There are 2 protein chains.
Amino acid sequence: MKCMDAGSSRAWQLLVRFFFAQRERLPAAGDGLDLSPAQWHVLHLIEPEQPVPMGRLADTLGCDASNVTGLVDRLEARGLVERRASAGDRRVKVLHLTPTGSRLRAQLLRQIAGGSCRLARLSSQDQRTLVRILETLIDDPR
Amino acid sequence: MKCMDAGSSRAWQLLVRFFFAQRERLPAAGDGLDLSPAQWHVLHLIEPEQPVPMGRLADTLGCDASNVTGLVDRLEARGLVERRASAGDRRVKVLHLTPTGSRLRAQLLRQIAGGSCRLARLSSQDQRTLVRILETLIDDPR
DNA sequence: TATTGTTATACTCTATAACTATA
DNA sequence: TATAGTTATAGAGTATAACAATA
């Protein structure tokens, strides 16, 4: 199969290794904030003033809708997000960050930024290239 | 703090998002093999003919020892790994891959290699750059 | 006494299937 | 009928605390 050429295969192997190495450190990142990795991810995905429908969240997370229900239940119980009925289609519920949620998210982003120390050692050019490549990888459908 | 400059912070955020995006897709990778992400990870870590003590596995996974007990219980129930008492210290149990486990692990590695499809769409130059950058990130101590 | 792994317990994450309300 | 979200249920992952066997 042509997707296993040397360059991309090597890059993939490195990404997987880097991914696993960092993954173990991610829960620690949200540790002081009492967030599980999944909650951490959800909070990361909802930007203030930019509400997200639950269905889209399920798509982005790549998990079942029933799962999102529980996830949001817990976040809502902590007063971090709010469900509101969508104006156009009343079956849809959109998620808004509360002020508390917004503040916690900001803390979270600061913690994430703190993890970028290694990346800061890259040259500016490499940083730009990395950003561009990652954007390609993330945006590319499937 | 100087590690929070715009370029590295953006790159880090994208890396984190990419990790999570992949994380949700990992079960799919082991899907045909009926492996959860955690089991996937454990099997990935035990090389044939190179047994691993349970304690070291807990360290590598970054989780509690009690967690490893359950994880290994399920793998052992499927005949993929085997607990054996260590010769030197009989408190320690080392994990060996069974022939079945070894075969499944080989399949797993082939699937991982297949995951490089997205990366194959990058230009050769980008692939080389990505490899170089990732090597820097991984080799750099902490 | 200290360490390795297990057990008991509790909570979160995850999926499937059946259900409700809306379209 | 089809879709968005919920509920019920079950299994896996995770941590803490108490425990057994060994050092």
Side-chain angles (χ1 to χ4, degrees), chain A residues 20 23-45 51-78 80-96, chain B residues 20-45 51-78 80-96:
Chain A
F20 273 118
R23 195 172 82 115
E24 309 306 335
R25 253 173 239 152
L26 287 181
D31 232 10
L33 312 177
D34 261 319
L35 290 171
S36 74
Q39 294 170 343
W40 193 96
H41 193 189
V42 170
L43 212 59
H44 181 247
L45 287 174
V52 178
M54 297 197 51
R56 204 157 77 68
L57 205 52
D59 284 346
T60 309
L61 294 172
C63 71
D64 193 84
S66 64
N67 191 8
V68 174
T69 296
L71 214 43
V72 170
D73 279 350
R74 288 180 280 274
L75 290 173
E76 199 171 30
R78 285 184 54 185
L80 302 176
V81 303
E82 225 182 55
R83 284 168 167 102
R84 294 191 204 155
S86 170
D89 184 338
R90 282 169 48 188
R91 292 172 303 180
V92 175
K93 293 179 190 170
V94 285
L95 299 174
H96 294 251
Chain B
F20 271 113
Q22 287 306 124
R23 198 172 79 115
E24 311 304 338
R25 242 169 252 151
L26 287 182
D31 230 14
L33 312 177
D34 260 319
L35 289 171
S36 72
Q39 293 170 344
W40 192 96
H41 194 185
V42 170
L43 212 60
H44 182 247
L45 288 174
V52 178
M54 296 197 51
R56 203 156 78 65
L57 205 51
D59 285 346
T60 308
L61 294 172
C63 71
D64 194 82
S66 63
N67 191 8
V68 174
T69 296
L71 213 44
V72 171
D73 279 350
R74 289 180 280 273
L75 290 174
E76 199 170 29
R78 285 184 54 184
L80 302 175
V81 304
E82 224 182 54
R83 284 169 168 100
R84 295 190 204 156
S86 169
D89 184 339
R90 281 172 48 190
R91 292 173 304 181
V92 175
K93 292 179 189 169
V94 286
L95 298 173
H96 295 251

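Remember, it's a predicted structure, so these values are computed and weren't measured experimentally. Every chain is numbered from 1, with letters handed out A, B, ... down the list of sequences.
Atom C1' of nucleotide D:dG5 and atom CZ of A:R84 are separated by 18 Å, given to the nearest angstrom. Atom C1' of nucleotide D:dT14 and atom CH2 of A:W40 are separated by 18 Å, given to the nearest angstrom. Rounded to an integer number of Å, the gap from CG of A:L71 to P of C:dT12 is 11 Å. Regarding B:Q39, its CD atom lies at a distance of 15 Å from the C1' atom of C:dC13, rounded to whole Å. When the C1' atom of D:dG11 is taken as reference, atom CG of B:D73 falls 14 Å away, rounded to whole Å. If you take CG of B:D59 and C1' of C:dT3, they are 13 Å apart, rounded to a whole angstrom. Straight-line distance from the CG atom of A:L75 to the P atom of C:dT12: 11 Å, rounded to whole Å. As rounded to whole Å, 12 Å separates atom C1' of D:dT7 from atom NZ of A:K93.
Across all non-hydrogen atoms, the minimal contact from A:R83 to A:D73 is NH2-OD1, 2.9 Å. Nearest approach of A:L45 to A:V52, heavy atoms of both residues: O-CG2, 4.3 Å. Across A:V68 and A:M54, no two heavy atoms sit closer than the pair CG1-CE, 3.5 Å.
A donor N or O paired with an acceptor N or O is found under 3.5 Å between the base of C:dT3 and the side-chain atoms of B:R91. Remark: the B:S66 side chain and the D:dT14 base include no donor-acceptor N/O pair separated by less than 3.5 Å.
We find the CG-CG distance between A:L80 and A:L95 to be 11.5 Å, quoted to the nearest 0.5 Å. Summarising the geometry, atom NE2 belonging to B:H96 is positioned 4.0 Å from atom CZ belonging to B:R84; distances are rounded to the nearest 0.5 Å.
Backbone-only engagement by B:D89 is indicated by non-hydrogen atom pairs under 4.0 Å involving sugar-phosphate atoms exclusively.
Of the side-chain N and O atoms in A:R83, none sit less than 4.0 angstrom from OP1 or OP2 of D:dG5.
Here the nucleotide nearest the side chain of B:A38, chosen from D:dG5, C:dT14, D:dG13, is D:dG13. Comparing atom distances between the A:M54 side chain and each of C:dT7, D:dA23, D:dG5 picks out D:dG5 as nearest. The listed nucleotides are C:dT16, C:dT6, D:dA12; the one nearest the side chain of A:D64 is C:dT16.
Nearest-nucleotide assignment on DNA chain C puts the 5′-proximal partner with A:R74, out of A:R74 and A:G88.
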